[in-house]
A.B. asks: 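Okay, here's the structure, questions in a sec.
Every chain is numbered from 1 and lettered A, B, ... according to where its sequence line falls, protein lines coming before strand lines. Small disclaimer: the values here were computed from a predicted structure and weren't measured.
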Amino acid sequence: MQIYNSITRKLETFTPIDKDTVNMYVCGPTVYNYIHIGNARPVIFFDVVRRYFEHKGYIVNFVSNFTDVDDKVITKAIEDEMTEMEVANKFIQAFYDDARRIGSSTKYLAPRVTEYMSSIISYIETLMEKGYAYQVDNDVYFRVGKIEDYGILSGRKIDDLKEGARIDVNTKKENPLDFTLWKATDVGITWPSPWGEGRPGWHTECVAMINDIFGGRIDIHGGGSEIKFPHHENEIAQNIAVHNHYIANYWMHNGQLNIDDKKMSKSEGRIILVKDLDYDYMGFRLFTLSTHYRSPINYTDEVLTNYVKEWEKVRRVYKQSFYKLDLNDALEIKGEQSPELKGIELKFMDAMDDDFNTANAITELQNLVKYTNQIVRQKDTESNLKAAIDLFETFFKILGLDPGVAKLTAQDKALYMAWNDARRNKDFDKADRLREELQDRGIL
RNA sequence: GGUCCCGUAGCCAAGUGGCUAAGGCAGCGGACUGCAACUCCGCGAGCGUCGGUUCGACUCCGAUCGGGACCUCCA
């Protein structure tokens, strides 16, 4: 399959380090608040990446961290008169709740900075020993000038960056581009270190974790495009310093989600939290997957409403087909794909193989909807209909969509039969009553 | 100021140097239907603008206008 590699800016054939395994790491959230719908985009997209690799038979080792120490967490802790740990625990729980709501798996390794403090400290010590880090007072900085490739991921040249450096002329640094590895502080939670009490800078946690968990090299590193620079650039630099090779073979960056064509902004009140999203979450998931992951996506109520409707349409025909088979006790039969279904499946997989083109994959889902709507009212289609159901389930599993349809109870079936009988007997008063009840039960 | 991305029908959104530029929503016209819902069939654009390269560009290059991102914490 082909993956667009941010570092080379090209589509490349994906070849894992170990034949059957995909090791991937996605930069996770700083847990000081509920996540907003922009945070949800990588949570959904990289979940789909994992699901697709699993569909293809790979063992996927998926890791995504929680940044539970940082200025924002500390500020929040002071504001709310809680400990940093309490703040982090609260919002990690909230994150998992939100992730589940939007259909993403939460079963993956999620290391926290606080659990990796000794690894982070020893990582910084290694950087010091190798001459890539230097101490000033009780702070430690990374010596960017020693990295030849610095800027390769974000396409920047060190000279351009120097010109652009407008703020933060920290006179303690040898070079304005040098970044903080360890920061002495007396505000909030601190840890002892060889350089004094303090806490780590943001950029070391991911490399230290990747170093511990994967040995310093992974297949895929993911995250939002806005953290390419400086965060991912700095990860690359640190890994080169320690291992003399790139940290990841493939870099994947998702585009941002805007609201009404503008970046989300808390200060301007233009922000929507996942937990406050007043729409169907599967519709939201479909919405985020309907644009190619590298493109920006614009949220408006109108567009989301469109996808919520679209999801209802998908769900309706799946449900209708599922129940039709269930009523005929045919859910366990073996499906046999018609040429049309084969074609749809093939094109879906082709789209996914093409750099996770979920937009085109969803087009195939829509084709499956149309096709199934055509066959579900015909007679003698059980085997093909079963194949259609199976294909829906395959697509749902890959995209992480859940129609929430379960087998009918005996009572439901009896009700359904009675409705059919009443209609056949033209007892429309009774039929309408039964229809209403079936609708109330969510069967029709 | 520097780096970079985007601009396809009313809306959303794929895609290609050359057959008729996918698909969805909305709209219009049909069909189906006890009523309703659902569903099915048919119908719309020449790709921001101006130049250039080319036998040929929406697709490549340049300029221009418009929108956006990053350079500073940010998924």
A.B. asks: Can you list, pair by pair, the side-chain donor-acceptor contacts under 3.5 Å of residues 302-310 of chain A, counting residues two or more places apart and other chains?
C.D. replies:
| unit_1 | atom_1 | unit_2 | atom_2 | d |
| --- | --- | --- | --- | --- |
| Thr305(A) | OG1 | Asp301(A) | O | 2.6 |
| Glu310(A) | OE2 | Gln366(A) | NE2 | 3.1 |

A.B. asks: Rounded to whole angstrom, note down the P distance from A13(B) over to C35(B).
C.D. replies: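 Between the two P atoms, the distance is 39 Å.
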
A.B. asks: Determine the Euclidean distance between corresponding C1' atoms of U39(B) and U33(B); express it in Å to zero decimal places.
C.D. replies: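 Comparing C1' positions in U33(B) and U39(B) gives a spacing of 11 Å.
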
A.B. asks: Mapping Thr30(A) and Arg316(A) to their closest nucleotides on RNA chain B, which lands nearer the 5' end?
C.D. replies: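 Looking at RNA chain B, the more 5' nearest nucleotide goes with Arg316(A).
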
A.B. asks: Given G34(B), C11(B), A14(B), identify the nucleotide with an atom nearest to the side chain of Ala431(A).
C.D. replies: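 Shortest atom-to-atom distance from the side chain points to G34(B).
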
A.B. asks: I'd like a table of atom pairs between the protein and nucleotides 25-28 of chain B - only N or O on both sides, under 3.5 Å - with the distance next to each one.
C.D. replies:
| unit_1 | atom_1 | unit_2 | atom_2 | d |
| --- | --- | --- | --- | --- |
| C25(B) | OP1 | Lys313(A) | NZ | 2.5 |
| C25(B) | O4' | Asn306(A) | ND2 | 3.3 |
| C25(B) | O3' | Lys309(A) | NZ | 3.0 |
| A26(B) | OP1 | Lys309(A) | NZ | 2.9 |

A.B. asks: Starting at CG of Asn357(A) and ending at C1' of U16(B), how long is that distance when rounded to a whole Å?
C.D. replies: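 Going from Asn357(A) (CG) to U16(B) (C1'), I get 14 Å.
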
A.B. asks: Determine the Euclidean distance between corresponding P atoms of C50(B) and U59(B); express it in Å to zero decimal places.
C.D. replies: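 Looking at atom P only, U59(B) and C50(B) are 12 Å apart.
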
A.B. asks: Go through the structure and list residues passing side-chain contact (heavy atoms from CB on, under 4.5 Å) with Ile78(A), not counting sequence neighbours.
C.D. replies: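 For Ile78(A), the residues satisfying side-chain contact (heavy atoms from CB on, under 4.5 Å) (neighbours in sequence not counted) are Ile74(A), Val187(A).
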
A.B. asks: Within the structure shown, what part of the strands sits under 4.0 Å from Gln256(A) by heavy-atom distance: base, sugar-phosphate, or nothing?
C.D. replies: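 Base contact.
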
A.B. asks: Given the P atoms of C60(B) and G17(B), what is the spacing between them in whole Å?
C.D. replies: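 One P to the other, the span is 8 Å.
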
A.B. asks: Scan nucleotides 35-37 of chain B against the protein and return all N/O pairs shorter than 3.5 Å with their distances rounded to 0.1 Å.
C.D. replies:
| unit_1 | atom_1 | unit_2 | atom_2 | d |
| --- | --- | --- | --- | --- |
| C35(B) | O2 | Arg435(A) | NH2 | 3.3 |
| C35(B) | N3 | Arg435(A) | NH1 | 3.0 |
| C35(B) | N3 | Arg435(A) | NH2 | 3.4 |
| C35(B) | N4 | Arg435(A) | NH1 | 3.2 |
| A36(B) | N1 | Arg435(A) | NH1 | 3.0 |
| A36(B) | N3 | Arg435(A) | NH1 | 3.3 |

A.B. asks: So, Trp202(A) versus Phe142(A), ring centres under 6.0 angstrom or not?
C.D. replies: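 For Trp202(A) and Phe142(A), the ring centres are not under 6.0 Å apart.
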
A.B. asks: Who is the Watson-Crick or G-U wobble partner of C43(B), with both distances under 3.5 Å?
C.D. replies: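 Base-paired to G27(B).
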
A.B. asks: Write down the distance between CG (Asn258(A)) and P (G7(B)), rounded to a whole number of angstrom.
C.D. replies: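 So the CG-P distance, Asn258(A) to G7(B), works out to 15 Å.
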
A.B. asks: Can you check the Ile259(A) CD1 to G67(B) P distance for me, whole Å?
C.D. replies: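 Answer to the nearest Å: 20 Å.
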
A.B. asks: Which residues pass the side chain to side chain donor-acceptor pair (under 3.5 Å) test with Asp71(A), sequence neighbours left out?
C.D. replies: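 In terms of side chain to side chain donor-acceptor pair (under 3.5 Å), with neighbours along the sequence ignored, Asp71(A) is linked to Lys183(A), Arg199(A).
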
A.B. asks: Please state the P separation for the pair G2(B) and A63(B) - nearest whole angstrom.
C.D. replies: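 After rounding to an integer number of Å, I get 13 Å for this pair.
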
A.B. asks: Between Phe91(A) and Phe95(A), does the ring centroid distance fall short of 6.0 Å?
C.D. replies: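 Not close enough - the centres of the two rings lie 6.0 Å or further apart.
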
A.B. asks: Just jot down the side chain to side chain donor-acceptor pair (under 3.5 Å) partners of Glu197(A), sequence neighbours excluded, or say none.
C.D. replies: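 Residues passing side chain to side chain donor-acceptor pair (under 3.5 Å) with Glu197(A): Thr190(A).
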
A.B. asks: Of the candidate nucleotides C70(B), C41(B), A14(B), which contains the atom at the shortest distance from the side chain of Glu226(A)?
C.D. replies: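 Selected nucleotide: C70(B).
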
A.B. asks: Between His231(A) and Thr363(A), which has a closest nucleotide on RNA chain B that is more 5'?
C.D. replies: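 Taking each residue's closest nucleotide, the earlier one in sequence belongs to Thr363(A).
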
A.B. asks: Can you find a side chain N or O atom of Lys228(A) that sits less than 4.0 Å from OP1 or OP2 on C71(B)?
C.D. replies: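 So the side-chain polar atoms of Lys228(A) never come under 4.0 Å of the phosphate oxygens OP1 or OP2 of C71(B).
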
A.B. asks: Distance between the P atoms of U49(B) and C58(B), in whole angstroms?
C.D. replies: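 So the two P atoms sit 10 Å from each other.
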
A.B. asks: Given atom CD1 of Ile102(A) and atom C1' of A75(B), what is their separation to the nearest angstrom?
C.D. replies: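 In whole Å, A75(B) C1' and Ile102(A) CD1 are 12 Å from each other.
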
A.B. asks: For a quick check of understanding: with a heavy-atom distance under 4.0 Å over all strands, which category does Leu257(A) fall into, base, sugar-phosphate or nothing?
C.D. replies: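 Base contact.
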
A.B. asks: Could you work out the separation of C65(B) and C55(B) based on their C1' atoms and round it to a whole Å?
C.D. replies: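 Per the computed distance, 32 Å lies between those C1' atoms.
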
A.B. asks: Taking the six-membered ring where the residue is Trp, are the ring centres of Phe14(A) and Phe53(A) under 6.0 Å apart?
C.D. replies: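 Under 6.0 Å, so yes.
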
A.B. asks: Distance check needed: C70(B) C1' versus Asn234(A) CG, whole Å only.
C.D. replies: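 My rounded result for the distance is 14 Å.
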
A.B. asks: Report yes if a side-chain nitrogen or oxygen of Asn373(A) is closer than 4.0 Å to either non-bridging phosphate oxygen (OP1 or OP2) of U39(B); otherwise report no.
C.D. replies: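 No, Asn373(A) has no side-chain N/O under 4.0 Å of OP1/OP2 on U39(B).
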
A.B. asks: Is there a Watson-Crick or G-U wobble partner for G7(B) with both distances under 3.5 Å, and which nucleotide is it?
C.D. replies: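 Base-paired to C65(B).
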
A.B. asks: Can you list the residues that meet the side-chain contact (heavy atoms from CB on, under 4.5 Å) rule with Pro296(A), with sequence neighbours excluded?
C.D. replies: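 Asn258(A).
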
A.B. asks: Only counting residues at least two apart or in another chain, list the ones meeting side-chain contact (heavy atoms from CB on, under 4.5 Å) with Ser6(A).
C.D. replies: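 Once residues adjacent in sequence are excluded, the partners of Ser6(A) under the side-chain contact (heavy atoms from CB on, under 4.5 Å) criterion are Leu153(A), Lys228(A), Trp251(A), His253(A).
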
A.B. asks: Could you tell me the separation between the NE2 atom of His292(A) and the P atom of U8(B), rounded to a whole number of Å?
C.D. replies: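 One finds 17 Å between P of U8(B) and NE2 of His292(A), rounded.
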
A.B. asks: For the pair made of NZ in Lys263(A) and C1' in C5(B), what is the distance, rounded to whole Å?
C.D. replies: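 Distance, rounded to whole Å: 14 Å.
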
A.B. asks: What is the separation between atom CE on Met264(A) and atom P on A69(B), rounded to the nearest whole Å?
C.D. replies: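 For the pair Met264(A) CE and A69(B) P, the rounded distance is 12 Å.
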
A.B. asks: Among residues 62-78 of chain A, which residues get a heavy atom nearer than 4.0 Å to RNA chain B?
C.D. replies: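 Residues of residues 62-78 of chain A that come under 4.0 Å of RNA chain B are, in numerical order, Lys72(A).
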
A.B. asks: Check side chain to side chain donor-acceptor pair (under 3.5 Å) between Gln320(A) and all other residues, then give those that pass, not counting sequence neighbours.
C.D. replies: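 Gln320(A): no side chain to side chain donor-acceptor pair (under 3.5 Å) contacts found.
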
A.B. asks: Taking side-chain contact (heavy atoms from CB on, under 4.5 Å) as the definition, give me every residue that meets it alongside Gln2(A), ordered by chain and number, with sequence neighbours left out.
C.D. replies: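 Here the qualifying residues are Leu11(A), Thr13(A).
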
A.B. asks: In whole Å, measure the gap between the P atoms of G34(B) and A21(B) for me.
C.D. replies: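 Pairwise P distance, G34(B) against A21(B), rounds to 42 Å.
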
A.B. asks: Report yes if the distance between the aromatic ring centroids of Phe348(A) and Phe395(A) is under 6.0 Å, otherwise no.
C.D. replies: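 Yes, the ring centres sit under 6.0 Å apart.
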
A.B. asks: Does G18(B) have a Watson-Crick or wobble mate here (both distances under 3.5 Å), and if so which one?
C.D. replies: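 The answer is C55(B), by the H-bond criterion.
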
A.B. asks: Only distances under 3.5 Å count here; give the side-chain donor-acceptor pairs of residues 24-34 of chain A to other protein atoms, sequence neighbours excluded, each with its distance to 0.1 Å.
C.D. replies:
| unit_1 | atom_1 | unit_2 | atom_2 | d |
| --- | --- | --- | --- | --- |
| Tyr25(A) | OH | Asn65(A) | OD1 | 3.2 |

A.B. asks: So what's U33(B) paired with, Watson-Crick or G-U wobble, going by both distances under 3.5 Å?
C.D. replies: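 Pairing partner: none.
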
A.B. asks: Does G17(B) adopt a syn or an anti glycosidic conformation, taking syn as a chi angle within 90° of 0?
C.D. replies: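 That one's anti.
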
A.B. asks: Would Arg285(A) and Ser104(A) count as having a side-chain donor-acceptor pair, cut-off 3.5 Å?
C.D. replies: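 Per modelled atom types, Arg285(A) and Ser104(A) side chains form a pair under 3.5 Å.
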
